Amino acid sequence: MNEMVKLPTGFGRLWTAQTISSLGDGVTHAALPLLALTLTRDPMALAVVTAAGTLPWLLFGVLGGALVDRWDRRRTMWVVDAARAVLLVIPAAAAALDVLSIPLLAAVAFLLGLGGLFFDTAATAYLPDLLGRHPALLERANARLRGAQTAASGFVGPPAGSALLALGRAVPLLADAVSFALSAVLVRSLPAVPRPVPQVRESLLRQARAGASYVFRDRLLLGLALRPAVGNVAFLAVETVLALFAHDRLGIDTYGFGLLLTAEAAGGLLGAGIASFLGRRLGTGTALTSTAAVEGLAILGLAAAPNPYLAGLALAVCGAGMGATMVLGPSLRQAIVPAHLMGRVASTSRMLAMCAAPLGAVLGGWLAATYDVRTPLYAAAGILLAMTAVTATMTSNRRVESALRDAATTPGPGHPEPDGPIHDSAPESPQPIGVSAG
């Protein structure tokens, strides 16, 4: 039975490496803006540092995925983390010598983001090979990875970054460098997996286009990609005005706002923990549709919340929906995408989500300025519920079942596979997929 299948020993090392790295990311996520604030009060300069970290996904997302599909994934991960460890020594030294500058911080943020592109894409592609593309194991593994990442980068890392900064401007940067170095050592010790063999030798641009078109030609993969992309439009519209909404409408001070965000993170941990249960009981497709509806209704509840307690509850419920989605969606994608396309498919989906985020921020700001601070929240809820209706048939249980059956008949990662789309016709008498949590 699926329940008896155990995660391989190598996963424990991967989980530890990513948890340590996420902790360092949380430290830097808090420290970089605060470091920038010690150098300037110019909002545009501060925005440049923040935006620099997202630019690599916008500029090189699909190309990065094509490169990862050419390279050895384990080697890519440990080399990238070793390089990021060395990189962080530069701003740490500059801080110690009192020569730190905004351009240097922006350059570091950009290069860290570029490293994150390669590491995250390689890790996403490596995991299904490590686990034999077993759907139940993938859900268990992604739930553990997602939970650890949320706890390390959302709960522990940011306050640790602020505390370390009080000890000296170089301290949080050096702490993150150590986390990357430890992660590189652990990843280096992971077991090797067969390297995908490409069908033909093509140019990098042609391979990148093939990966992107693979997503857009397949309705199930397109539905899985639209969820975070459209979701980011809604969530960034909310995030842009959330602090103002909390202050003006709910009377929440700075400390209370931190607790509000913690409620969302706590919900995310819960959602990641129950994702496999939802997949078993409802089927993965129906579970994905349900979590999307929950997110939309939760944002609607947040907009109508009369006090901070109900607002916190609404954000926790929204976080739970997001947490479950971030386990179920990637696990399904890893189970059905051919190994030699995994990097490109993952990076294409991530790039769509990253490109959508600025649109949501602009939309939220414009609606708040034109109408009032609640309007972006109502608009976000409408967007999420509309997206739920649109993608429900694209990610249905029937499509999921069909795609998993087709994936089970494809060659292993050491053999070439066709570049055509996944067959998405539904069976005559479908049964909801019941992926065990193992």
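Quick caveat, the model's predicted, so the values are computed rather than measured. Values below: every heavy atom of this structure, side chains too, minus hydrogens, waters and symmetry copies.
- Side-chain contact check for T28 and D25: no donor-acceptor pair (N or O, by modelled atom type) lies under 3.5 Å.
- Going from atom CG of D372 over to atom CG of L367 covers 9.5 Å, rounded to the nearest 0.5 Å.
- Using a 4.5 Å heavy-atom cutoff, the side chains of I383 and I299 are not in contact.
- The aromatic rings of Y371 and W366 stand perpendicular to each other, their planes meeting at an angle above 60°, with 30° marking the opposite boundary.
- Taking the side chain as every heavy atom from C-beta outward, M322 and T325 never approach each other to under 4.5 Å.
- No side-chain N or O of S347 forms a donor-acceptor pair with one of T121 less than 3.5 Å apart.
- Listed by chain and number, the residues in a side-chain hydrogen bond (donor to acceptor under 3.5 Å, both in side chains) with R13 are S189 (sequence neighbours excluded).
- Note that CG of L58 and SG of C355 are 4.5 Å apart. Values are rounded to the nearest 0.5 Å.
- Residues satisfying the side-chain hydrogen bond (donor to acceptor under 3.5 Å, both in side chains) test with S290, not counting sequence neighbours, are none.
- Residues passing the salt bridge (Lys or Arg N to Asp or Glu O under 4.0 Å) test with R74: none are found, sequence neighbours excluded.
- Checked by atom type and distance alone, the side chain of Q18 never pairs as donor or acceptor with a backbone atom of Q149 at under 3.5 Å.
- Judged purely by distance below 3.5 Å, without hydrogens or angles, the side chains of R209 and S213 never pair a donor atom with an acceptor atom.
- N397 and T286 make their closest contact through ND2-OG1, 2.9 Å (heavy atoms, listed as atom of the first residue, atom of the second, distance).
- Across all non-hydrogen atoms, the minimal contact from G364 to P376 is O-CG, 3.3 Å.
- The distance from the CG atom of D176 to the CG atom of L87 is 9.5 Å, given to the nearest 0.5 Å.
- A distance of 10.5 Å separates CG in L288 from OG in S396, rounded to the nearest 0.5 Å.
- Looking at L190 and Y126, their side chains come closer than 4.5 Å, going by heavy atoms from C-beta outward.
- In this structure the side chain of V86 never reaches within 4.5 angstrom of the side chain of F180, judged on heavy atoms.
- Scanning both residues, A392 and T289, for their nearest heavy atoms gives CA-OG1, 3.7 Å.
- Atom CG of N232 is separated from atom CE of M354 by 8.0 Å, given to the nearest 0.5 angstrom.
- Side chains of R227 and E295 form a contact here, defined as non-hydrogen atoms less than 4.5 Å apart.
- Taking the ring axis of F119 as reference, the NZ or CZ atom of R84 stays within 45° of it and closer than 6.0 Å to the ring centre.
- In this structure, L7 and L137 have side chains that are in contact, with non-hydrogen atoms separated by less than 4.5 Å.
- Residues L63 and L205 meet the side-chain proximity criterion, which asks for heavy atoms closer than 4.5 Å.
- In this structure, the side chains of L352 and P228 stay at 4.5 Å or more apart for every pair of heavy atoms.
- The distance from the CG atom of L164 to the CZ atom of R169 is 15.5 Å, given to the nearest 0.5 Å.
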